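As the structure lists them, so they are numbered: ligands from 1, and atoms in each ligand from 1. Everything numeric here is computed off the predicted structure, so don't read it as measured data.
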Amino acid sequence: MKGMVFIGGKWQAPSSGKTIDVIDPGTGQVIGRIADGQAADIDLAVKAARQALAGPWARLTATERGRLLTRLAERIMANYDELVDLESRDCGKVLSTARSDIKLLARYFEFYGGAVDKIHGEIIPYQNNHAVSLVRQPFGVTGHIIPWNYPTQILGRSVGAALAMGNATVVKPAEDASLSILRVAELAAEAGFPEGTFNVVPGYGATAGQALISHPGVNFVSFTGSPQVGTIVQQETARHHVKCVLELGGKSPQVVFADANLERAIPAIVNGIIQNAGQTCSAGSRLLVQKEIYDEVLARVADRFAKLRTGVQSDDLDCGPLINARQRERVQRFIDDAVQSGARIAAQGKLDGVPSGGFYVAPTLFADVPREHLLAKEEVFGPVLAAMPFEDEADAIALANDTDYGLVAGVWTEHGGRQQRVARAIDSGQVYINCYGAGGGVELPFGGFGKSGHGREKGLLALEEMSITKTIVHNYE
Ligand code: NAD
């Protein structure tokens, strides 16, 4: 498996013969290697997927595909400890996060396995003596570009839905997080997925990723990652008139009104930003608080931030390392620039005793961040929370919508009318009222407004996204 690609149900050496080192973010040590996949490998994977579509895969009923997905979920749980260990060491996840990710990975396959034979078409009333039906079909070969922050969850939600609808898939995991995805491909073959339905080509974005999104044999692309690369994906897929779903970043607000239940809100707000060391697209990274309780909320959140502990994954503390040196430098630069431009650090967690080779950043709470500041507008993708006061409901909505992103929002208030008004007025794909869900939510459609992307994954809507309708008009006169 080491340094190989998984194509047509088998391990193969990559065409270049080259590999990429796998680094444990907690220590900076090399712990393995993956294939440095190239365009030639992507081409082989697309051909294998095309062959699968012409073979037994296409003849399976929805129920039979569902059974395979369910069996894969069982194989994942049967290999749970191994997958948790891989995910934790490869991605720098503290153990509790890695455990929850692998359970959710299995849950996606279980959910889509159970759902797929309940997806019905429609009968459309039309002229006399005509039967019109709307049926759903697979696109064909679907490409899946996966980021490093939640590789297994994102694999489950995107590949799970695509396979459920009968597509054959080619996955390009992130260069920093491929180990568990490669293992899942092997488990899929063991579960009985026909050859070529689940191909994985690890490698860099500019080579393997670019080859996948521009391959003329790919009929649909699901991309999760940065807005910058999302733009490239949209441009490339447009050249072949191929649909893409883009799940991009976020700058999600936690909106706390003066009547909020702070006992419930404060722990959820802190967890919503430090989970996975802040490397969560739906992290609640802006804390917007009504001015009457701003000082109190800030003091209570600061108290928790000051006590946050960061360490190696196996210690399972509040935060682990960031994914790599580049990401650590990026997050640290955000913090340093904010301090230099006069933003106030209200509290910072400790970094005592972390290995010097690891990629750690102290969780940091900034207070009174000016509304036009970069910290108020741009995704940091680290454990950094920016607090700002607001005046009233109208100001809260304006401030919540004052970024180019729109992925998730949290609204904290006991006022029933305001809960609905604010939830409906915020431009984001999900709004949580008196709770917050960063990640997770297998059943809940998820996706962005604006710079957070378009299309929906998770829940039953993903099955619509990953299939195409055909209208069949039958004159039976
Ligand atoms: P990234 O865009 O750099 O990389 C994501 C994936 O795209 C990787 O597999 C990478 O190899 C690949 N890639 C890079 N260049 C490519 C190219 N030219 N063609 C094709 N593929 C290419 O993002 P990242 O650093 O891995 O992840 C961080 C970003 O992802 C953040 O902005 C975060 O918010 C976002 N994200 C969004 C969601 C969501 O569901 N909305 C989930 C997780 C992460």
Side-chain angles (χ1 to χ4, degrees), residues 20 34 36-39 42 91 101 104 108 143-158 170-178 181 200-215 218 221-237 239 244-252 273 275-285 322-331 334 378-382 403-408 428-430 437-441 444-458 462 465:
I20 301 170
I34 52 165
D36 182 0
Q38 306 287 324
I42 291 289
C91 312
D101 281 9
L104 284 163
Y108 277 111
H144 304 261
I145 308 261
I146 314 279
W148 43 259
N149 60 341
Y150 287 91
T152 46
Q153 280 203 47
I154 293 166
L155 178 85
R157 79 183 190 201
S158 126
V170 179
V171 180
K172 207 299 281 173
E175 49 274 33
D176 288 301
S178 297
I181 290 181
V200 181
V201 179
Y204 291 108
T207 47
Q210 186 72 31
L212 182 57
I213 60 175
S214 56
H215 197 293
V218 171
V221 173
S222 160
F223 171 79
T224 304
S226 61
Q228 295 75 11
V229 178
T231 305
I232 298 173
V233 172
Q234 182 134 21
Q235 286 167 339
E236 286 296 339
T237 49
R239 280 185 222 286
C244 63
V245 166
L246 302 180
E247 300 279 8
L248 310 177
K251 189 72 186 175
S252 299
I273 182 64
Q275 178 185 315
N276 208 34
Q279 303 165 116
T280 305
C281 51
S282 48
S285 53
L322 302 189
I323 187 74
N324 56 28
R326 189 163 41 92
Q327 187 66 13
R328 181 190 51 193
E329 277 151 29
R330 181 173 178 275
V331 174
F334 258 104
E378 268 312 316
E379 184 178 48
V380 177
F381 225 51
T403 76
D404 294 335
Y405 296 98
L407 196 56
V408 172
S428 70
Q430 287 188 340
L444 311 178
F446 177 82
F449 281 40
K451 198 174 166 181
S452 292
H454 53 69
R456 296 291 177 262
E457 291 192 346
K458 305 190 183 185
E465 288 286 8

> List ligand 1 atoms under 4.0 Å from C281, heavy atoms only on the residue side.
34 (O), 36 (N), 37 (C), 38 (C), 39 (C), 40 (O), 41 (N), 42 (C), 43 (C), 44 (C)

> For Y150, is the nearest heavy atom under 4.0 Å from an atom of ligand 1?
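Distance cut 4.0 Å: Y150 fails for ligand 1.
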
> Are V233 and ligand 1 in contact, using a heavy-atom cut-off of under 4.0 Å?
no

> Evaluate V245 against H454 for side chain to side chain contact (heavy atoms under 4.5 Å, CB included), listing each step before the verdict.
CA-CA 6 Å; V245 166; H454 53 69; 5.9 Å; no

> Would L248 count as a polar contact of ligand 1, with the cut-off being nitrogen or oxygen pairs under 3.5 Å?
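Yes, since at least one N or O of L248 sits under 3.5 Å from an N or O of ligand 1.
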
> So if I count the atoms of ligand 1 from 1 in the order they appear, which ones are less than 4.0 Å from some heavy atom of I213?
19 (N), 20 (C)

> For N149, counting its heavy atoms only, list the atoms of ligand 1 lying under 4.0 Å from any of them.
43 (C), 44 (C)

> Could you check atom 23 (O) of ligand 1 against the protein and tell me its nearest heavy-atom contact, residue, atom and distance included?
S226 N, 3.4 Å

> Atom 28 (C) of ligand 1: which protein heavy atom is closest, and how many Å away?
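Protein heavy atom at minimum distance: F381 CE2, 3.5 Å.
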
> Please step through salt bridge (charged side-chain N to carboxylate O under 4.0 Å, His left out) for the pair K451 and E378, ending with a clear verdict.
CA-CA 11 Å; K451 198 174 166 181; E378 268 312 316; 3.0 Å; yes

> Quick one: does E379 get an N or O within less than 3.5 Å of an N or O on ligand 1?
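Right, the criterion is met.
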
> Drop me the distance from I213's CD1 to I145's CD1, to the nearest 0.5 angstrom.
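Going from the CD1 atom of I213 to the CD1 atom of I145 covers 6.0 Å.
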
> Looking only at non-hydrogen atoms, which of A211, G448, G209, P147 approaches atom 27 (O) of ligand 1 most closely?
P147

> Give the atom numbers and elements of ligand 1 that come within less than 4.0 Å of a heavy atom of L407.
41 (N)

> Counting N and O atoms only, with roles assigned by atom type, does the side chain of E379 sit under 3.5 Å from a partner on the main chain of G250, one being a donor and the other an acceptor?
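Side chain of E379 to backbone of G250, a donor-acceptor pair under 3.5 Å: yes, one is there.
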
> Do E247 and K458 meet the salt-bridge criterion of a basic N to acidic O distance under 4.0 Å?
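A salt bridge is absent here (no side-chain N lies under 4.0 Å from a carboxylate O).
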
> Could you grab the distance from atom OH of Y108 to atom CD of Q153, nearest 0.5 Å is fine?
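If I round to the nearest 0.5 Å, the distance is 5.5 Å.
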
> Return the residue, atom name and 0.1 Å-rounded distance of the protein heavy atom closest to atom 13 (N) of ligand 1.
G205 CA, 3.4 Å

> Quick check on contacts: which atoms of ligand 1 are under 4.0 angstrom from a heavy atom of I154?
42 (C), 43 (C)

> Kindly compute the distance separating CG (N276) from CD1 (I323), expressed to the nearest 0.5 Å.
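Separation between the atoms: 8.5 Å.
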
> Would you call E457 and R157 a salt bridge, using N to O less than 4.0 angstrom?
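So E457 pairs with R157 through a salt bridge.
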
> Identify the closest protein heavy atom to atom 18 (N) of ligand 1: which residue and atom is it, and at what distance?
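Protein heavy atom at minimum distance: Q210 OE1, 3.0 Å.
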
> What are the atoms of ligand 1, with element, lying closer than 4.0 Å to any heavy atom of V229?
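By the 4.0 Å cutoff, the relevant atoms are 2 (O), 13 (N), 14 (C), 15 (N), 16 (C), 17 (C), 22 (C).
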
> Using distance alone, determine whether I146 and ligand 1 share an N or O pair under 3.5 Å.
yes

> Taking atom 25 (O) of ligand 1 as the point of reference, which of F223, Y405, W148 owns the nearest heavy atom?
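That would be W148.
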
> By number and element, which atoms of ligand 1 are closer than 4.0 Å to a non-hydrogen atom of R157?
39 (C), 40 (O)

> Determine, for R326 against E329, whether the closest basic-nitrogen to carboxylate-oxygen distance falls under 4.0 angstrom.
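No.
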
> Carefully, step by step, assess V408 and S428 under the rule side chain to side chain contact (heavy atoms under 4.5 Å, CB included).
CA-CA 5 Å; V408 172; S428 70; 5.5 Å; no

> Kindly confirm or rule out an N or O of T224 lying under 3.5 angstrom from an N or O of ligand 1.
no

> For the OG atom of S158 and the CD atom of E465, what is their distance to the nearest 0.5 Å?
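Here the interatomic distance stands at 11.5 Å.
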
> To the nearest 0.5 angstrom, please state how far the CD1 atom of I34 sits from the OG atom of S178.
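One gets 3.5 Å once the value is rounded to the nearest 0.5 Å.
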
> Among protein heavy atoms, which lies nearest atom 6 (C) of ligand 1, and at what distance?
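Of every protein heavy atom, I145 CG2, 3.5 Å lies nearest to atom 6 (C) of ligand 1.
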
> Atom CD1 of I20 and atom OH of Y204: how far apart are they, to the nearest 0.5 Å?
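One gets 4.0 Å once the value is rounded to the nearest 0.5 Å.
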
> Less than 4.0 Å between atom 40 (O) of ligand 1 and some protein heavy atom, yes or no?
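For atom 40 (O) of ligand 1 the answer is yes, since some protein heavy atom falls inside 4.0 Å.
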
> Hey, are Y150 and T280 close enough side-chain-wise for a donor-acceptor pair under 3.5 Å?
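Present: a donor and an acceptor within the cut-off.
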
> Please list, in number order, the atoms of ligand 1 under 4.0 Å from a heavy atom of E175.
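What qualifies from ligand 1 is 10 (C), 11 (O).
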
> Do ligand 1 and G225 have nitrogen or oxygen atoms that lie under 3.5 Å from each other?
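For ligand 1, there is an N or O atom that lies under 3.5 Å from one belonging to G225.
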
